[in-house]
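What follows is one structure encoded as structure tokens, with my remarks underneath.
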Amino acid sequence: MNPVIERIITTLKELSLSKKIGLGLIIMVLVAGFTAMFVWTNKTQFRAAYSGLTKEDASSVVEILKASNTPYRLTGDGTTIMVPEAIVYDVRLSMAKEGIPKGGGVGYEIFDKSEFGTTEFVQKINKKRALQGELARTIASFDEVKSARVMIVLPKDSVFVEETKQPSASILLELNTDIAKENVTAIAHLVASSVQDLTPKLVTIVDTAGRILFEGKSEAEQARIDAENLADAQYQYKVRYEENLTKRIQTMLERIVGKDKAIVRVTSEMDFSKNDMNEEIYDPFERGGEFIRSRKNKAEKVTQLTEDMGIPSSVNPITDENNPNEMTNEKVNKSDDTLNYEISKRIRETRKPMAVLNRLSVAAVIDGKYEFKVDEQGNRQRVYLPRPAAEMKQFEDIVIKAMGYNEERSDQVSMECFPFASIGDMELAAPALTGWRMVQNEYGRLIANLLLVLVLFLFVIRPIIKTVKDIKVTVEQEALPGAEELALLDEGDKEPQFEEMDGNQQKEFLELMTEEQKEAFLKKMTASERAVYIGNMSDIEKAKYYARKDLFKTVNIIKGWISETEES
């Protein structure tokens with residue numbers, strides 16, 4: 001048997017039962033880990049081809065995948081279909097070719113396969129279903145909408161105009177998250193624009209929780225809501241204008257008199273009425289001169305008839321134009337001259353802004369000045385001093401310029417100076433603190449915190465540290481060996497004496513020394529050590545030892561052995 005394998009078997013046999021069990025568990029874990037890693041690296045990676053499908057779409061996809069023998073997995077309660085990652089895009093393209101997924105419901109693809117003999121009633125029903133399905137798919141494209149259903153009511157056509165009714169629509173939404181009001185309104189207008197004669201006020205939108213998200217309102221209700229929104233917008237506009245002007249004036253005054261020493265309030269009267277005006281003005285003298293647009297001349301010529309010209313007859317009479325019934329011997333020719341001038345024309349369209357400021361009122365209060373005085377009893381007091389009239393006039397002029405004062409609007413400005421607190425409240429309670437009170441007022445909290453930390457260290461942290469140290473020392477002492485164990489350790493660690501060594505150990509011990517050290521050690525041996533050393537030698541080693549020790553004696557012994565051999 002191979003010595004390596006034999007060594008391994010021997011080592012395993014020498015192990016205890018617990019070690020054998022542990023080694024077996026480790027081998028099993030390694031084998032299982034490598035097996036799982038091999039399976040994981042070689043298994044087919046699946047990826048979601050579609051998620052959030054309806055039951056109808058999921059069924060259609062699975063049917064096509066089964067027909068093409070394509071592996072797949074269903075997750076998410078059957079709404080998510082996973083296919084091998086390498087063919088996920090191929091699957092999507094093949095499904096798109098078949099018009100899948102449809103997104104729930106049925107759309108205009110219902111007309112892709114028309115059946116012969118379909119009645120007009122069925123065609124109308126299919127058209128209604130297709131329109132509802134297309135609108136539901138469009139609404140489901142919103143991120144907040146999970147699914148949608150649209151129901152449209154189309155009234156019957158009537159030949160009488162007074163009996164014509166408008167269509168209506170109701171929408172049910174299944175939401176993923178709360179949907180914004182603007183998106184709900186957008187859905188209502190989307191549906192209303194997709195159906196003929198449908199208006200948003202006839203659209204109702206609810207969710208699966210039973211909340212009415214959008215409800216069609218009558219003209220009166222819508223007008224009331226619009227009026228409320230307009231009133232709210234006008235109020236917000238007025239408040240923002242007043243706050244902006246107040247901030248501008250107050251910050252300007254506070255930079256002069258100090259922070260929190262000026263109070264400003266602004267009140268405005270605004271006209272929010274609408275008034276649009278269109279004018280068409282004609283002014284012939286606007287350009288300061290005459291401009292002829294056209295001219296027509298008129299002239300009259302009278303000719304006396306003579307005998308050479310002929311005598312008027314009843315066949316070709318000559319009459320007077322002014323009096324045609326009378327015969328005359330004169331011939332009259334007339335011409336007209338008419339002159340037309342340009343007239344200026346202006347078309348003006350005037351539109352009133354959202355708000356017209358009719359009146360503006362500003363009230364400002366400024367704090368006065370203070371000085372410290374000592375009364376007869378020696379108490380120090382702070383006394384209020386009003387600001388001079390000239391200074392207040394300057395402040396008033398500044399406010400007038402900042403507010404855009406207009407006398408024609410009858411604007412008002414009020415500028416006053418008052419103390420911002422009563423004189424009794426402004427009185428100093430006591431002089432500056434000194435000594436221990438000053439230390440207590442300034443550093444009292446700091447000293448208290450330091451004392452608290454010191455007490456916490458002395459009575460909590462320090463005992464905990466001491467206890468931990470004692471436990472540590474006890475554990476270390478318990479871990480140290482006792483007197484008997486120390487004696488055994490000393491005996492075990494003590495090297496054996498030269499006399500106690502056998503022949504091999506003595507030989508190894510001497511081989512570790514150099515020749516000089518070896519000779520010195522052999523010379524210093526005691527009689528007992530030398531006797532043991534010689535006793536452990538072989539015959540050849542003994543001969544070598546004695547030969548080196550006494551060469552002449554060794555020669556005599558060898559001579560004696562030779563002579564004995566010759567005699568024999």
Side-chain angles (χ1 to χ4, degrees), residues 31-118 122-123 125-152 171-180 183-184 186-187 190-191 193-195 205 207-208:
V31 172
F34 280 107
T35 303
M37 185 180 298
F38 178 78
V39 173
W40 178 75
T41 52
N42 292 277
K43 74 175 182 178
T44 303
Q45 295 292 333
F46 280 79
R47 181 180 174 186
Y50 297 100
S51 60
L53 294 175
T54 61
K55 295 181 179 179
E56 294 80 6
D57 288 338
S59 176
S60 301
V61 173
V62 169
E63 184 177 355
I64 295 176
L65 292 177
K66 286 182 178 179
S68 60
N69 294 325
T70 303
Y72 67 91
R73 292 179 182 176
L74 292 177
T75 58
D77 296 333
T79 59
T80 301
I81 299 178
M82 303 183 70
V83 297
E85 187 175 7
I87 62 172
V88 62
Y89 296 108
D90 296 336
V91 170
R92 290 178 182 176
L93 290 175
S94 62
M95 295 300 167
K97 182 180 178 181
E98 301 294 333
I100 300 173
K102 299 177 181 178
V106 62
Y108 283 113
E109 67 272 5
I110 194 174
F111 297 106
D112 293 342
K113 298 179 181 180
S114 59
E115 298 180 359
F116 181 75
T118 304
V122 175
Q123 289 286 357
I125 294 296
N126 289 339
K127 180 181 178 181
K128 181 179 175 182
R129 290 178 59 196
L131 180 59
Q132 293 178 163
E134 293 293 337
L135 289 174
R137 294 175 184 176
T138 305
I139 295 171
S141 62
F142 284 81
D143 295 335
E144 299 88 350
V145 180
K146 183 178 181 181
S147 62
R149 294 197 65 183
V150 179
M151 284 72 73
I152 300 175
I171 305 170
L172 177 65
L173 301 179
E174 184 179 359
L175 302 177
N176 294 320
T177 57
D178 290 337
I179 187 170
N183 293 348
V184 176
I187 293 174
L190 173 68
V191 175
S193 301
S194 303
V195 181
I205 302 176
D207 63 357
T208 52

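- Using a 4.5 Å heavy-atom cutoff, the side chains of V191 and I205 are not in contact.
- Taken from CZ in R47 to CD1 in I87, the straight-line distance is 12.5 Å, to the nearest 0.5 Å.
- Residues L74 and T80 are not in side-chain contact: their nearest non-hydrogen atoms beyond the backbone lie 4.5 Å or more apart.
- Distance CD1/I139 to CG/L135: 6.0 Å, rounded to 0.5 Å.
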Given V145 and L175, is the side-chain contact (heavy atoms from CB on, under 4.5 Å) satisfied, shown in steps?
CA-CA 4 Å; V145 180; L175 302 177; 4.1 Å; yes
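- For the pair D143 and N176, the tightest heavy-atom approach, listed with the atom from each and the gap, is O-ND2, 3.5 Å.
- In this structure, E63 does not pair ionically with K66, as no charged nitrogen and carboxylate oxygen lie closer than 4.0 Å.
- Between D178 and E144 the shortest heavy-atom distance is O-CG, 3.8 Å.
- Among residues two or more places apart in sequence or in another chain, the side chain to side chain donor-acceptor pair (under 3.5 Å) test is passed with E174 by S147.
- Side-chain atoms of L173 and V184, non-hydrogen and from C-beta on, never get closer than 4.5 Å to each other.
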For I81 and V91: C-alpha separation, side-chain torsions, deciding distance, then whether side-chain contact (heavy atoms from CB on, under 4.5 Å) applies.
CA-CA 11 Å; I81 299 178; V91 170; over 6 Å; no
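- Side-chain atoms of I179 and D207, non-hydrogen and from C-beta on, never get closer than 4.5 Å to each other.
- A distance-only check finds a donor-acceptor pair linking the side chain of S68 to the backbone of L65 [under 3.5 Å].
- Closest approach of I152 to K128, counting heavy atoms only: O-CE, 2.6 Å.
- Smallest separation of non-hydrogen atoms from A136 and A148: CB-O, 3.4 Å.
- Other residues, nucleotides and ligands place more than 12 heavy atoms under 6.0 Å from the CZ atom of R92.
- The two residues S194 and L131 make their nearest non-hydrogen contact at O-CD1, 4.1 Å.
- Considering OG1 of T75 and CZ of F46, their distance stands at 11.0 Å, rounded to 0.5 Å.
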